[in-house]
Amino acid sequence: MLQLVDVYKIYHVGDEEVRALDGVSLAVGAGEFLGIVGPSGSGKSTLMHILGCLDTADFGTYYLDGRPVEFYSESQLATVRNEQIGFVFQSFNLIGHMTIAENVELPLLYRGTKASERRELVHEALSQVGLWERRSHRPNSVSGGQLQRAAIARAIVTRPSLLLGDEPTGNLDSRTGHEIMELFCELNARGRTIVLITHDQSIAKRTNRVVHIRDGKVVA
């Protein structure tokens, strides 16, 4: 489904060259649940940004569904991000004045989905994460675990083939974090490809395969 071949991402800080990614090669098959583990500053978030087409490699090639990403136009990349990839972040990124349902609906508005279909898809996504009964609540009136469930619903509402999680349990207590991991496991069991980035080994163990990254390199 996706493959990185000898990918580099390099930043220059003054006279110093910083290799956020240093020759990373990685393949993720359709339906896989991959955990990427590394300490702060290891390059794992840079890697997720490239996998999610939020950033581009300086050298090397990223193949998405067999096609090099460098051949996509900006509009094509925007479509990929909206329709093929769902993102779940540590900080939830929900809009406070909107209801849970309205937050989940946003990606569908961006793609111009008809109102009747939006209602169906929002109901489907919120039901999958167990939040349909909370659809009219605003973010400040639900728990942290429910906020992350809402963020996951927003990520899956377009029925993307790939789900990327960047420290999705980082702001949660351990019990709630493991409940969220149960949800990721359920989504994977339904056939969705998931790549999850974490620094927590106990969270990573819930995935099907773990890759370790350090100093911009895959080390195990």
Side-chain angles (χ1 to χ4, degrees), residues 1-82 84-93 151 155 160-172 177 181 184 188 192-220:
M1 181 183 185
L2 55 89
Q3 183 178 20
L4 299 174
V5 180
D6 206 22
V7 163
Y8 291 79
K9 186 65 182 180
I10 301 170
Y11 299 100
H12 291 90
V13 181
D15 295 330
E16 184 183 359
E17 179 181 275
V18 179
R19 297 191 176 195
L21 295 179
D22 192 5
V24 169
S25 294
L26 177 69
V28 183
E32 190 170 1
F33 190 1
L34 175 70
I36 298 176
V37 180
S40 178
S42 61
K44 59 186 188 296
S45 289
T46 301
L47 178 57
M48 196 208 77
H49 287 166
I50 288 176
L51 292 175
C53 300
L54 297 169
D55 201 354
T56 55
D58 293 318
F59 304 100
T61 305
Y62 173 26
Y63 296 92
L64 181 60
D65 291 332
R67 183 184 178 194
V69 166
E70 63 198 72
F71 292 164
Y72 287 72
S73 67
E74 282 302 319
S75 62
Q76 287 173 325
L77 286 175
T79 299
V80 165
R81 288 190 294 265
N82 182 260
Q84 291 181 237
I85 304 174
F87 298 91
V88 183
F89 298 100
Q90 178 177 345
S91 56
F92 317 132
N93 293 345
S161 54
L162 173 63
L163 190 60
L164 298 177
D166 190 1
E167 299 280 6
T169 63
N171 280 341
L172 306 174
M181 282 303 297
F184 276 113
N188 176 247
R192 186 166 279 112
T193 305
I194 301 175
V195 178
L196 187 142
I197 287 173
T198 183
H199 67 278
D200 188 333
Q201 296 282 355
S202 66
I203 291 295
K205 286 178 181 177
R206 303 294 302 278
T207 66
N208 300 137
R209 178 166 68 102
V210 179
V211 169
H212 293 264
I213 186 169
R214 183 179 294 274
D215 298 326
K217 296 177 181 285
V218 172
V219 294

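Small disclaimer: the values here were computed from a predicted structure and weren't measured. Note: hydrogens, waters and symmetry copies are ignored here, and every other heavy atom, side chains too, is used.
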Output yes when a side-chain donor or acceptor of [X] lies under 3.5 Å from a complementary backbone atom of [Y], and no otherwise.
| X | Y | value |
| --- | --- | --- |
| Glu16 | Val13 | no |
| Thr169 | Leu172 | no |
| Asn208 | Leu34 | no |
| Lys44 | Gly38 | yes |
| Thr193 | Gly31 | yes |

Is any side-chain heavy atom of [Y] closer than 4.5 Å to one of [X]?
| X | Y | value |
| --- | --- | --- |
| Thr46 | Tyr11 | yes |
| Leu4 | Leu47 | yes |
| Ile213 | Leu21 | yes |
| Leu54 | Arg81 | yes |
| Arg67 | Tyr72 | yes |
| Glu70 | Thr61 | yes |
| Met181 | Leu196 | yes |
| Ile36 | Met48 | no |

Just how far is it from atom [atom1] of [X] to atom [atom2] of [Y], taken to the nearest 0.5 Å?
| X | Y | atom1 | atom2 | answer |
| --- | --- | --- | --- | --- |
| Cys53 | Glu74 | SG | CD | 10.0 Å |
| Leu163 | Asn188 | CG | CG | 9.5 Å |
| Ser45 | Glu167 | OG | CD | 6.5 Å |
| Phe87 | Leu162 | CZ | CG | 8.0 Å |
| Gln84 | Met1 | CD | CE | 7.0 Å |
| Ile197 | Gln90 | CD1 | CD | 11.5 Å |

Just wondering, are more than 12 heavy atoms of other shown residues or ligands nearer than 6.0 Å to CD in Glu17?
yes
Please determine whether the number of non-hydrogen atoms from other residues, nucleotides or ligands lying under 6.0 Å from atom CG of Asp58 exceeds 12.
yes
Please find the pair of heavy atoms, one from [X] and one from [Y], that lie closest to each other, and give the distance.
| X | Y | answer |
| --- | --- | --- |
| Val37 | Ala204 | CG2-CB, 3.3 Å |
| Val88 | Pro168 | CG1-CB, 3.9 Å |
| Pro68 | Tyr63 | CG-CE2, 3.6 Å |
| Asp6 | Gly23 | OD1-CA, 3.4 Å |
| Val218 | Ser25 | CG2-O, 4.4 Å |
| Pro160 | Ala155 | CG-O, 3.2 Å |

Please test Asp215 against Asp22 for side chain to side chain contact (heavy atoms under 4.5 Å, CB included), starting from the C-alpha separation and ending with a verdict.
CA-CA 8 Å; Asp215 298 326; Asp22 192 5; over 6 Å; no
Between Val28 and Leu51, is a side chain to side chain contact (heavy atoms under 4.5 Å, CB included) present by the stated rule, with each step listed?
CA-CA 10 Å; Val28 183; Leu51 292 175; 5.8 Å; no
Mind checking whether Tyr8 and Phe59 have parallel, tilted or perpendicular rings, split at 30° and 60°?
perpendicular
